[in-house]
Amino acid sequence: MNLLQWGPYGIECPQAGVFIDPWGKVDRALLTHAHADHARYGHKHYMAHAHNRAVLRQRLGNNISLQEIEYEETIEINGVRFSWHPAGHIPGSAQIRVAGNNQIWVVSGDYKTENDHFTPAFEPVKCSHFITECTFGLPIYHWKPQAHTAQAIADWHLSNVNQGYSTLLYAYSLGKAQLLIHLLKNLCPIYIHPSIAEMNRALHAVGFGLPELPLISAWKPKVDAPALFMAPPGASNEKLLRRLSPCKEANVSGWALVRGMYRRQNLDNGFALSDHADWPGLLSAIKGTGAEHIYCTHGFTSEFSKYLSEQGYQSTEIHTRFLGDAAPEPMSTLETDESIH
Ligand SMILES: [Zn+2]
Ligand SMILES: [Zn+2]
């Protein structure tokens, strides 16, 4: 019998009676990270990497029952051993390794293979069964190095300033915003949306070094020089942002690689900086696990799975509710990531 299975609650380990990033309400939820499409309300008990403590308590309530796990620490439940390993996606993100019954499984969660020198870097974990995300599982998705993209953003901002415009970047408040701050903090002054400030505080509380940045509201139109602002995409209609004009707007997302994406959103520009692996990243991660059995979830599952089968893997798509059914509870666009689009 397979150690991990999937059903209406998502990925389940029946022998241990636990679920990984489950839907609905379960007794024991093991989380890969704190994005809203993985960490949901209503479970009785949560287990997650310690870096998620402040974000999870802020989002799901101070009184949740949360067991904090460190990387490489092993927890045994009914003969099954669980451990969390860096996924390089956002602060607190982990792959969960599950070992028992002579099987080793790894659930990738969301992951990014390029080391951003901020979030602990992705580590390949040897296994026989690998459940991989494939948000960007098409060959067209191929990222430039992050430093290159950061420089392109800084150059564009400078040209905006020279023409009398400020710059407004849309970036998800958990993960993407901090990555951008990390990359841009020495290139230009930055003003941030309150929801980004909130996430910065939560990550600062668990040890991530982030500079104190002024809020967007501190910037005075007609008085202050053009500046660089950062806000989550869900805030684009807020009054707070309307007072920033004249302003050039761009989204910062892997989806920006497809030309026309930002024009459809009425933006001036787009920068393909992602916290997910690109096509070569996915393939190298899969190779690095040494796994023969690959299960594809979250993204271009059928295309990606078909490609892997052609390469000789035993590859399957996972059909669960995260393949497009409506979410059972409202999700805030402020706390999720690029896999929801
Ligand atoms: Zn995520
Ligand atoms: Zn996700």
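In listed order, ligands and their atoms are each counted from 1.
At a cut-off of 2.8 Å, H35 does not coordinate the Zn ion (ligand 2) through any N, O or S atom. Among the backbone and side-chain atoms of D37, an N, O or S atom lies under 2.8 Å from the Zn ion (ligand 2).
Computed with the Zn ion (ligand 1) at the centre, the H89 NE2 to H33 NE2 angle is 100°, stated to 10 degrees.
Counting non-hydrogen atoms of other residues, nucleotides and ligands closer than 6.0 Å to CG of N162 gives a total above 12. Shown here is Y165, whose OH atom has no more than 12 heavy atoms of other residues, nucleotides or ligands within 6.0 Å.
Salt bridge absent: D275 and K112 never bring a charged side-chain N and a carboxylate O closer than 4.0 Å.
Closest to the Zn ion (ligand 1) among the N, O or S atoms of D110 is OD2.
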Take Y170 and E249 through the side chain to side chain donor-acceptor pair (under 3.5 Å) test and state the conclusion after the steps.
CA-CA 8 Å; Y170 290 110; E249 302 180 31; 2.8 Å; yes

